[in-house]
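Chain identifiers are assigned alphabetically (A, B, ...) following the order of the sequence lines, protein sequences preceding nucleic acid strands; residue numbering begins at 1 within each chain. Fair warning: this is a prediction, and the values are worked out from it, not measured in the lab.
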Amino acid sequence: MRYWLMKSEPDVYSIADLAKDPEEIWDGVRNYQARNFLREMAVGDQAFFYHSNTKPPGIVGLMTIIEADIVDPTQFDSANKYYDPKSEPENPRWRTVKVGYGETFPQSITLDALKATFSPEELLVVKRGNRLSVMPVDAAIATRLLEMGRQG
DNA sequence: GCCAACGTTGGC
DNA sequence: GCCAACGTTGGC
């Protein structure tokens, strides 16, 4: 079982949205490095939910991968923001996963707290200028994050 | 709202 | 294949 971190802007899609409707296809990722990580995910993996572009940014909870290697349906929908005219239905370019709601931490782990605790080598999200929206988290780091998040 | 970081596109 | 221009992300 592996751990991951996945970013979303809460104005677009937040952990409260996932809690309300607790299964969701994580669509709209259009970056190859992020997609490659999505394709490595397996059912049962755990992912930290990170709120970006908000005050304060940080890890707000946990979710579970409940279905792996799904074709992202938005790539073929010309009305959708994430429509990709270059993706062929017989060879879809963008794949993703379905996530299930896990838990919301009593208090989010802010980016400031993450930076104070972890080096960029330990946790990529604290690296300045990092724009990757899906990334792996080392198991030992994940354990510490769970302790930080659950104690609130 | 600004801007640094950085991925993508397209001309050559 | 290089690289300038451009667009997007995301912290501040």
| request: May I ask you to verify if any side-chain N or O of A:Lys86 is less than 4.0 angstrom from the OP1 or OP2 atom of B:dT9? | output: yes

| A:Arg150 with A:Glu103: basic N within carboxylate O range, under 4.0 Å | yes

| Aromatic ring proximity A:Trp4/A:Tyr50, centre distance under 6.0 Å | no

| request: Tell me which nucleotide among C:dG10, B:dA4, C:dC12 gets nearest to the side chain of A:Arg128. | output: B:dA4

| Protein-nucleotide distance (A:Trp94, atom CH2; B:dG7, atom C1'), rounded to Å | 11 Å

| message | Under 4.0 Å between a side-chain nitrogen and a carboxylate oxygen: does that hold for A:Arg30 and A:Asp72? | response | yes

| said: If you assign A:Lys127 and A:Asn53 each to the DNA chain B nucleotide with the nearest heavy atom, which residue ends up on the more 5' nucleotide? | reply: A:Asn53

| query | Hey, is the side chain of A:Tyr50 poking within less than 4.0 Å of OP1 or OP2 on C:dT9, counting only N and O atoms? | reply | no

| request: Could you check how far CG of A:Leu124 sits from C1' of B:dC6, rounded to whole Å? | output: 13 Å

| field | is_close_aromatic(A:Trp94, A:Tyr32), centroid dist under 6.0 Å | value | yes

| request: Rounded off to whole Å, could you give me the CG-to-P distance for the A:Leu114 and C:dC12 pair? | output: 11 Å

| request: May I have the distance from A:Glu9 (atom CD) to C:dG11 (atom C1'), rounded to whole angstrom? | output: 11 Å

| said: From CE of A:Met6 over to P of C:dG10, roughly how many Å is that when rounded to an integer? | reply: 13 Å

| For the pair made of CG in A:Leu132 and P in C:dT8, what is the distance, rounded to whole Å? | 18 Å

| request: Would you mind classifying the nucleic acid contact of A:Lys115 as base, sugar-phosphate or nothing, using non-hydrogen atoms under 4.0 angstrom? | output: sugar-phosphate

| Which one, C:dC12, B:dA5, B:dT8, comes nearest to the side chain of A:Arg131? | B:dA5

| query | In whole angstrom, what separates A:Arg30's CZ from B:dT9's C1'? | reply | 18 Å

| remark: Heavy atoms of A:Phe76 and A:Pro92 approach each other most closely as CZ-CB, 3.9 Å

| query | Can you find a side chain N or O atom of A:Lys55 that sits less than 4.0 Å from OP1 or OP2 on C:dC12? | reply | no

| message | Nearest whole Å is fine: how far is B:dA5 C1' from A:Lys7 NZ? | response | 11 Å

